[in-house]
Amino acid sequence: MRTICDACESAAAIVFCAADEAALCGACDEKVHLCNKLASRHVRVGLANPSDVPRCDICENAPAFFYCEIDGTSLCLQCDMIVHVGGKRTHGRYLVLRQRVEVCHLNL
């Protein structure tokens with residue numbers, strides 16, 4: 001699953017800008033962040049390869065779709081349904097966006 005650029009809505013995004021809350025392709029990143037001095041200071045992080053998605057902590061095979069904050073685990077749909085029965089149904093779970101970011105900040 002790839003992330004589409006929030007600006008042009010056609011190309012694959014390669015960076016995420018927290019200040020703009022936007023994922024951007026290379027061309028749109030240049031247009032947005034080179035247009036003025038203030039925007040050029042925004043910290044952007046590179047988006048990693050979409051194939052590097054987290055795996056389920058239980059079966060270790062399927063891609064994770066949920067994160068359980070109580071158990072601290074990432075789960076695929078099948079394992080989530082098996083694990084979260086009875087009293088565990090109330091555990092707060094979040095959708096995993098399956099988009100990794102690269103650790104180093106980009107200063108483009």
Side-chain angles (χ1 to χ4, degrees):
M1 179 173 84
R2 69 181 189 152
T3 302
I4 301 296
C5 175
D6 289 320
C8 69
E9 298 181 338
S10 61
I14 62 165
V15 297
F16 180 78
C17 176
D20 294 327
E21 296 182 8
L24 301 166
C25 67
C28 291
D29 180 52
E30 279 188 29
K31 284 181 204 169
V32 170
H33 292 105
L34 294 181
C35 68
N36 69 57
K37 199 172 187 175
L38 290 176
S40 69
R41 294 184 202 159
H42 289 177
V43 174
R44 282 108 62 215
V45 292
L47 299 177
N49 185 333
S51 64
D52 296 336
V53 297
R55 296 283 169 196
C56 176
D57 291 333
I58 304 298
C59 69
E60 298 179 345
N61 186 37
F65 285 98
F66 302 103
Y67 176 77
C68 175
E69 67 180 346
I70 302 294
D71 297 331
T73 56
S74 297
L75 303 163
C76 67
L77 178 60
Q78 223 169 346
C79 289
D80 180 68
M81 291 181 356
I82 293 167
V83 168
H84 289 104
V85 294
K88 284 193 163 193
R89 281 189 204 145
T90 60
H91 285 191
R93 296 187 310 280
Y94 297 90
L95 185 63
V96 175
L97 296 178
R98 297 176 29 166
Q99 180 63 66
R100 290 186 52 212
V101 295
E102 294 178 354
V103 177
C104 61
H105 294 282
L106 297 178
N107 292 321
L108 304 174

From Leu47 atom CG to Leu24 atom CG, the distance as rounded to the nearest 0.5 Å: 9.0 Å
Shortest non-hydrogen contact between Ala11 and Cys25, atoms and distance: CB-CB, 3.7 Å
For Asp71 against Cys68, the heavy-atom pair lying closest together: N-SG, 3.3 Å
Distance, nearest 0.5 Å, that separates CZ of Arg44 from CG of Asp29: 4.5 Å
Cluster overlap Phe66 with Met81, hydrophobic side-chain contacts below 4.5 Å: yes
Residues which pass salt bridge (Lys or Arg N to Asp or Glu O under 4.0 Å) with Asp20, listed by chain and number, not counting sequence neighbours: none
Listed partners of Asp80 passing side chain to side chain donor-acceptor pair (under 3.5 Å), at least two apart: His84, Arg93
Pairwise distance OH(Tyr67) to CG(Asp57) - rounded to 0.5 angstrom: 9.0 Å
Shortest non-hydrogen contact between Thr3 and Ala23, atoms and distance: CG2-CB, 3.7 Å
Pairwise side-chain contact, Cys17 with His33, heavy-atom cut-off 4.5 Å (strictly under): yes
Atom pair CG/CD1 of Leu75 and Ile82 - distance to nearest 0.5 Å: 10.0 Å
Shortest non-hydrogen contact between Cys59 and Ala62, atoms and distance: SG-N, 3.5 Å
Euclidean distance, Arg55 CZ relative to Ser74 OG, rounded to 0.5 Å: 12.0 Å
